[in-house]
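All remarks here apply to the structure that follows.
Numbers restart at 1 for each chain; the letters A, B, ... are given by sequence-line order, proteins then strands.
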Number of protein chains: 2
Amino acid sequence: MGDAKALLMSGVPELLILRLLAEREMYGYELARAVRAVTREAISLGEGVLYPALHSLELSGLLRARRRQVGGRTRVYYNVTAKGRRRLEYLTSHWRRIATAVEAALAGPQHA
Amino acid sequence: MGDAKALLMSGVPELLILRLLAEREMYGYELARAVRAVTREAISLGEGVLYPALHSLELSGLLRARRRQVGGRTRVYYNVTAKGRRRLEYLTSHWRRIATAVEAALAGPQHA
DNA sequence: GTACTATACCTCGTACTTCGATGTATAGAG
DNA sequence: CTCTATACATCGAAGTACGAGGTATAGTAC
């Protein structure tokens with residue numbers, strides 16, 4: 001995850017992950033369900049997206065992981081670091097900027 | 001450009017190109033300026049994005065190209081085909097769906 | 001006349017993101 | 001004892017976007 005680039009690339013999975021984990025600590029599987037819930041099934045992060053993303057975010061120091069045994073199953077809980085919160089802020093404002101721009105284009109060139 | 005997939009991938013350049021060309025025929029360089037204008041400089045499609053995208057869209061039958069000589073310079077004008085308009089409709093509704101979902105997530109999980 | 005800027009097209013290699021498929025293993029329900 | 005849900009993970013493929021570089025003409029400023 002290119003630290004601070006992301007010019008146009010959606011980066012939506014990263015944004016959603018940071019946003020939901022900023023609210024409360026969760027483990028992967030739980031997070032997947034949470035994403036589906038908040039977006040009312042509009043967005044579903046597949047496991048092939050979710051787990052690599054979590055690892056990458058941890059590696060970049062944006063998330064901190066903590067393993068816990070719960071009823072015979074291993075869960076990996078994640079929470080957002082200070083750096084992660086800064087990244088979340090950046091991604092949020094970036095998203096809004098792009099979303100506003102796209103809306104303007106969709107509304108029609110007459111507003112140029 | 002994956003005909004009808006695009007699950008999460010932004011596909012924003014494709015959407016903007018189709019949207020602006022649906023309004024009126026333009027040539028590449030002009031289109032680049034138009035994008036900057038409507039989005040108030042928020043989005044600038046580099047030439048490394050724009051031209052390959054135009055070629056790919058033409059190849060997929062979403063755009064039709066027409067070369068014209070204007071004052072010693074060659075311009076390639078593009079307009080949107082019927083198929084292109086259908087694709088534009090799909091991309092637009094897809095965008096709105098994703099944008100709404102992301103906004104919901106940013107607003108906070110309390111609305112889950 | 002000549003250097004610089006704007007116009008106008010193009011391509012290549014690279015990097016990153018995302019996707020689907022597949023794999024492992026445990027717990028609980030029927 | 002089988003099937004589903006939970007819970008983690010990885011791999012290869014495909015798609016997207018980006019920056020850098022390349023060609024050439026027209027007009028402007030010096």
Taking N or O atoms only and anything under 3.5 Å, show me the protein contacts with nucleotides 10-12 of chain D, one pair per line.
{"residue": "D:dT10", "atom": "OP2", "partner": "A:H55", "partner atom": "ND1", "Å": "3.3"}

> Picking from B:V35, B:L54, B:V49, what satisfies side-chain contact (heavy atoms from CB on, under 4.5 Å) with B:I17?
Replying inline: B:L54

> So which pairs with a foot in residues 52-68 of chain A pass salt bridge (charged side-chain N to carboxylate O under 4.0 Å, His left out), sequence neighbours left out?
Replying inline: A:E25-A:R66, A:E25-A:R68

> salt bridge (charged side-chain N to carboxylate O under 4.0 Å, His left out): which pairs involve residues 88-102 of chain A, sequence neighbours left out?
Replying inline: A:R96-B:E103

[atom1] of [X] versus [atom2] of [N]: gap in Å, rounded?
{"X": "B:H94", "N": "C:dT18", "atom1": "NE2", "atom2": "C1'", "answer": "12 Å"}
{"X": "B:Q69", "N": "C:dC9", "atom1": "CD", "atom2": "P", "answer": "11 Å"}
{"X": "B:E14", "N": "D:dA17", "atom1": "CD", "atom2": "P", "answer": "8 Å"}
{"X": "A:L45", "N": "C:dT18", "atom1": "CG", "atom2": "P", "answer": "9 Å"}
{"X": "B:E58", "N": "C:dC10", "atom1": "CD", "atom2": "C1'", "answer": "14 Å"}
{"X": "B:I98", "N": "C:dT17", "atom1": "CD1", "atom2": "C1'", "answer": "15 Å"}
{"X": "B:L50", "N": "C:dT11", "atom1": "CG", "atom2": "P", "answer": "12 Å"}
{"X": "A:R67", "N": "D:dA7", "atom1": "CZ", "atom2": "C1'", "answer": "11 Å"}

> 5'-most contact on DNA chain C: A:G46 or B:Y77, nearest heavy atom basis?
Replying inline: B:Y77

Considering all heavy atoms, the nearest [X]-[Y] contact:
{"X": "B:V80", "Y": "B:A22", "result": "CG2-N, 3.5 Å"}
{"X": "A:A105", "Y": "B:V38", "result": "CA-CG1, 4.1 Å"}
{"X": "A:I43", "Y": "B:A101", "result": "CD1-CB, 3.8 Å"}

> Any ring-ring contact (aromatic ring centres under 6.0 Å, His included) pairs touching residues 49-70 of chain B, not counting sequence neighbours?
Replying inline: none

> Got a sec, which pairs hit ring-ring contact (aromatic ring centres under 6.0 Å, His included) with one end in residues 22-50 of chain A, sequence neighbours left out?
Replying inline: A:Y27-A:Y77

> Should A:R33 be listed as having a side-chain N or O under 4.0 Å from OP1 or OP2 of D:dA5?
Replying inline: no

> Any side-chain N or O of A:R68 under 4.0 Å from OP1/OP2 of D:dC8?
Replying inline: no

>> What I want to find out is whether B:R87 reaches B:E14 closely enough, with some N-O distance under 4.0 Å, to be called a salt bridge.
In response: yes

> Looking at DNA chain C, which of residues 25-32 of chain B put a heavy atom within less than 4.0 Å of it?
Replying inline: B:Y27, B:G28, B:Y29

> The side chain of A:R75 lies closest to which of these nucleotides: C:dT7, C:dC10, D:dA7?
Replying inline: D:dA7

